[in-house]
Amino acid sequence: MMEQQTNPSFVLRAVKDVVLEDRSVPTLKDPWDVRVQIAQTGICGSDVHYWQRGRIGDFVLESPIVLGHESSGTVVEVGPAVKKLQVGDRVAIEPGVPCRHCEYCRSGSYNLCPDTVFAATPPHDGTLSKYYITQADFCYPLASHMDFEEGALVEPVAVAVQITKVGNVRPNQTVVVFGCGPIGLLCQAVSKAYSARKVIGVDISQSRAEFASTFGADDVFVPPPKPEGKDNCAWSEELARIMKEQFDLGEGPDVVLEATGAEACIQTGVHLTKKGGTYVQAGMGKENIVFPITTACIRDLTIRGSIRYTAGCYSTAVDLISSGKIDVKRLITDRYKFEQAEEAFELVRQGKESVIKVIIKGVTA
């Protein structure tokens, strides 16, 4: 006799409207599909953004979706074509499966594929369910000594791996990272794992900066408040000069990685980067900002955006965690049961300095 299976899911029905819903158990639709029972899911700012505002850029919430995209779990069913995974395997899930056929996919930039099915990006369902269906080659086996929390945090590490890849971070370089939230902290730690000579973390929060100095940064900088009446652009330029002097950066760092999206950080970061250096924009805040483009031009800066991950990022992230080079468990400040998912999201929304990474345990029953 077959047991009756259900699929509890955390569903975003509309802006600011979330509910726990019992959905039907998803079925395999492709020979390469696998069904994963989700064990742990980290909450990302983008999940909260869809919940609160219903859109990020061109991705607009028009129908209900399941939230969540930073997950790990156990394979419980495999399609007939699957060879490298079997039932019982513990995996980290790369949440975006590209079309594999367009010019972006064929050239190796599958993060730019317009037809990617990406978890919890409208109109696609995310991973905050008991079960999630994905393709076998977008599941990465966890080392035997890795737990499911570490497996869920492979996703943000892979984001940081992509950001450092775009920035071409190499040994013996000086790297400044704006932001000491999860992605900024991981960019610092990945840069250090890649043998960067000096890594400096920047944040307006003293407590986050202090944490960064124990995690991946050699030095940290908490900018002083802007003087009354001082022009924003002039103050950004002044801060860049202060940082160059304080940290003995000479003409500036080789690479600046921006993980806040804040206009002041972006302006300061461009003024900070040395001639011929690389500036990478990963943080997303306001859609349009005042940007010091003349400085970028005169200094011959390479300016790149970074989105998601490309080939090799996920396996590199698994390796950085399994080898002990990055201790992601230290980022977890709060843990919730599946039934408390809305409370977990509310905590992330509040944006407290003391909260770094919030994680939700999968359905246990």
Side-chain angles (χ1 to χ4, degrees), residues 45 160 163-164 166-167 169 173-189 191-192 196-306 351 353 356:
I163 293 166
T164 54
V166 166
V169 172
Q173 285 185 321
T174 304
V175 181
V176 173
V177 180
F178 284 83
C180 295
I183 298 300
L185 289 165
L186 289 169
C187 284
Q188 294 159 31
S191 296
K192 215 55 209 163
R197 182 168 56 87
K198 185 187 282 188
V199 176
I200 297 163
V202 183
D203 205 290
I204 56 171
S205 161
Q206 187 70 44
S207 66
R208 287 199 169 198
E210 283 168 9
F211 180 84
S213 68
T214 72
F215 191 72
D218 298 304
D219 282 303
V220 290
F221 181 69
V222 178
K226 181 169 76 75
E228 198 69 42
K230 183 100 172 179
D231 174 72
N232 286 348
C233 296
W235 179 237
S236 295
E237 205 167 343
E238 174 78 358
L239 282 177
R241 189 187 57 72
I242 292 168
M243 286 180 69
K244 285 177 190 177
E245 284 180 14
Q246 185 171 328
F247 299 107
D248 195 22
L249 296 173
E251 291 261 308
D254 301 290
V255 183
V256 167
L257 309 175
E258 207 295 313
T260 74
E263 184 172 66
C265 292
I266 294 165
Q267 291 173 353
T268 305
V270 172
H271 285 299
L272 188 62
T273 312
K274 76 181 220 186
K275 292 175 185 174
T278 300
Y279 172 94
V280 181
Q281 187 62 41
M284 287 190 279
K286 278 198 308 186
E287 294 204 356
N288 296 296
I289 55 123
V290 175
F291 187 84
I293 200 158
T294 301
T295 300
C297 184
I298 289 170
R299 291 199 190 159
D300 183 17
L301 300 186
T302 298
I303 296 182
R304 292 282 309 270
S306 184
E353 285 182 33
I356 300 177

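All values below come from the heavy atoms of this structure, side chains included, with hydrogens, waters and symmetry mates left out.
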Over all heavy atoms of both residues, which pair between [X] and [Y] is shortest? Give the atoms and the distance, please.
X: S191; Y: V169; answer: OG-CG1, 3.9 Å
X: P224; Y: W235; answer: O-CZ2, 3.5 Å
X: A217; Y: G201; answer: CB-N, 3.9 Å
X: A189; Y: F215; answer: CB-CE2, 3.8 Å
X: F291; Y: A296; answer: CE2-CB, 4.3 Å
X: G184; Y: V177; answer: O-CG1, 3.5 Å

For this session: Run the salt-bridge test on E245 and R241 with the 4.0 Å N-O cut-off and return the result as yes or no.
Result: yes

Exercise. Should K274 and D254 count as an ion pair when the cut-off is N to O under 4.0 Å?
Worked result: yes

In Å, rounded to the nearest 0.5 Å, how long is the span from [atom1] of [X] to [atom2] of [Y]?
X: F178; Y: F221; atom1: CZ; atom2: CZ; answer: 8.5 Å
X: T302; Y: D300; atom1: OG1; atom2: CG; answer: 6.5 Å
X: L186; Y: L257; atom1: CG; atom2: CG; answer: 12.0 Å
X: Q188; Y: S213; atom1: CD; atom2: OG; answer: 9.5 Å
X: T273; Y: I303; atom1: OG1; atom2: CD1; answer: 7.5 Å
X: M284; Y: E258; atom1: CE; atom2: CD; answer: 11.5 Å

With distance as the sole test, does [X] use its side chain to make a donor-acceptor pair with the main-chain N or O of [Y] at under 3.5 Å?
X: R304; Y: T278; answer: no
X: Q281; Y: A259; answer: no
X: R208; Y: E353; answer: yes
X: E237; Y: L239; answer: no
X: K198; Y: F247; answer: yes
X: K226; Y: K230; answer: yes

Taking [atom1] in [X] as the centre, count heavy atoms belonging to other residues, nucleotides or ligands within less than 6.0 Å. Is the count above 12?
X: I204; atom1: CD1; value: no
X: I293; atom1: CD1; value: no
X: Q246; atom1: CD; value: yes

For this session: Evaluate the side-chain proximity of V202 to P223: yes if any heavy-atom separation is below 4.5 Å, no if none is.
Result: yes

Exercise. Does a donor on one side chain sit under 3.5 Å from an acceptor on the other, for S236 and E238?
Worked result: no

For this session: Check whether the side chains of T174 and R197 place a donor and an acceptor atom closer than 3.5 Å, and report yes or no.
Result: yes

For this session: Could you point out which residue of V220, L249, V256 forms a side chain to side chain contact (heavy atoms under 4.5 Å, CB included) with I200?
Result: L249

